[in-house]
There are 2 protein chains.
Amino acid sequence: MSTSRPSPARTSRGPRPASIARVPGIDYDVLDTLLGYALRRAQIAAFDQFYRATAGYGITPPRFTALVILGANPGVSQTALAAVLGIARSGAMQLTDWLVGRKLAERRARADDGRAWGLYLTRRGAALAAELKRRVRAQDARLGARLTAAERRALLRLLDRVAE
Amino acid sequence: MSTSRPSPARTSRGPRPASIARVPGIDYDVLDTLLGYALRRAQIAAFDQFYRATAGYGITPPRFTALVILGANPGVSQTALAAVLGIARSGAMQLTDWLVGRKLAERRARADDGRAWGLYLTRRGAALAAELKRRVRAQDARLGARLTAAERRALLRLLDRVAE
DNA sequence: TATTGTTATACTCTATAACTATA
DNA sequence: TATAGTTATAGAGTATAACAATA
């Protein structure tokens, strides 16, 4: 076989499929008692599910978040988007460039403020957002498959309190 | 005030202090119902606590994990360390270089396998590990400060099940 | 042949700082 | 002066691929 890869549906390079299975014979010491470490492990599992749900779309968690936020908040500014994502404005700009470059979103001039853009999903972006929301929701349900509905609610509530 | 920063105890550049406060006036749509998003938010809060606990030590979560693992598993190999951290061997090597460069760990030849190193904490590394464990444990408790002891236990258990 | 550690290289994400144009 | 967006640059972290020594 040559070096060319058929690559079934691998548009994205998958930033982090990193599994983090327990290594047998290793003593994890204090790590097993830390909330922070348990969170990290759970989040890696969540990332894994997320990438499985969005394989082939080139979507990362921040990109998904951006699509959802633009869909629910038409006309939002890049600075607001940056605040939601907890990243620098320059990063929000690159993210927006990515979305615009794929015709998923567009920048429109604002009447009230000549400095800022209003960000909007295109029809294509809205369709993708809907599709991804469906997929991510399904995979998220699978993530909590080992939990009862009540446990799932409890976990969500506990996590919210930890996050402040 | 000039541009020079006294910077009390800022040895590390703090890879991600990124706060991710709720932005007022923004509709988070489906994000508020996703376990994965709740995990992400909680983990960012945990990261924040972690960096506060280890400020000035140049410690990152993987470095802390490595110190703990080496302390509890003397003679562990770089490949095993990589597996625990869920990173490539080349990354484990760089991490080890960092530890060795600061005289926190050392590589010792192995009797049974000429290819592999055995990794050990130095006396200095063991002291730092103990100090950091104390600090991280204290900050981790603060992370769950809004939870009762029973809730904390429940959360830990639920997270373990989510992480498989 | 397979594995350990290593080296070289590249890519993603994010940050900072300086610049412009508006406010 | 302050803010929105932009540009340029840099750094951390991690990945892949190829190589030498050893198993």
A.B. asks: Using atom CD of A:E106 as one end and atom P of D:dG5 as the other, report the distance to the nearest whole Å.
C.D. replies: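 Distance, rounded to whole Å: 16 Å.
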A.B. asks: Could I get the full list of salt bridge (Lys or Arg N to Asp or Glu O under 4.0 Å) partners for B:R142, not counting sequence neighbours?
C.D. replies: none
A.B. asks: So does B:K133 pair up with A:D29, basic N to acidic O under 4.0 Å?
C.D. replies: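 Counted as a salt bridge, because a side-chain N and a carboxylate O are separated by less than 4.0 Å.
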A.B. asks: Starting at CZ of B:R40 and ending at C1' of C:dC13, how long is that distance when rounded to a whole Å?
C.D. replies: 12 Å
A.B. asks: Strictly below 4.0 Å, N to O, side chains only: are A:E151 and B:R161 in salt-bridge contact?
C.D. replies: yes
A.B. asks: I need the CD1-C1' distance between B:I87 and C:dC11, as an integer number of Å.
C.D. replies: 17 Å
A.B. asks: Touch check for B:G91, heavy atoms < 4.0 angstrom, all strands: base, sugar-phosphate only, or nothing?
C.D. replies: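 B:G91: no heavy atom of the nucleic acid under 4.0 Å.
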A.B. asks: Would you tabulate the pairs of protein nitrogen or oxygen atoms and nucleotide nitrogen or oxygen atoms of nucleotides 4-7 of chain C closer than 3.5 angstrom?
C.D. replies:
unit_1: C:dG5; atom_1: OP1; unit_2: B:Q78; atom_2: N; d: 3.2
unit_1: C:dG5; atom_1: OP1; unit_2: B:W117; atom_2: N; d: 3.2
unit_1: C:dG5; atom_1: OP2; unit_2: B:T79; atom_2: N; d: 2.8
unit_1: C:dG5; atom_1: OP2; unit_2: B:T79; atom_2: OG1; d: 2.6
unit_1: C:dG5; atom_1: O3'; unit_2: B:W117; atom_2: NE1; d: 2.9
unit_1: C:dG5; atom_1: N7; unit_2: B:R89; atom_2: NH1; d: 2.8
unit_1: C:dT6; atom_1: OP1; unit_2: B:W117; atom_2: NE1; d: 3.2
unit_1: C:dT6; atom_1: OP2; unit_2: B:Q78; atom_2: OE1; d: 3.1
unit_1: C:dT6; atom_1: OP2; unit_2: B:Q78; atom_2: NE2; d: 3.1
unit_1: C:dT6; atom_1: OP2; unit_2: B:R107; atom_2: NH2; d: 3.4

A.B. asks: Do the side chains of A:L34 and B:F50 get nearer than 4.5 Å, heavy atoms only?
C.D. replies: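 They are not in side-chain contact.
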A.B. asks: Checking B:R110 against B:W117: charged group under 6.0 Å from the ring centre and within 45 degrees of the axis?
C.D. replies: no
A.B. asks: Please determine whether a side-chain nitrogen of the Lys or Arg among A:D97 and A:R107 lies less than 4.0 Å from a carboxylate oxygen of the Asp or Glu.
C.D. replies: yes
A.B. asks: Rounded to whole Å, how long is the line connecting atom CG of A:L119 with atom C1' of D:dA4?
C.D. replies: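 These atoms are roughly 11 Å apart.
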A.B. asks: Hey, which of these two, A:G114 or A:P62, hits DNA chain C nearer its 5' end, going by closest nucleotide?
C.D. replies: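 Here A:P62 is the residue nearer the 5' end.
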A.B. asks: In whole angstrom, what separates A:L95's CG from C:dA15's C1'?
C.D. replies: 15 Å
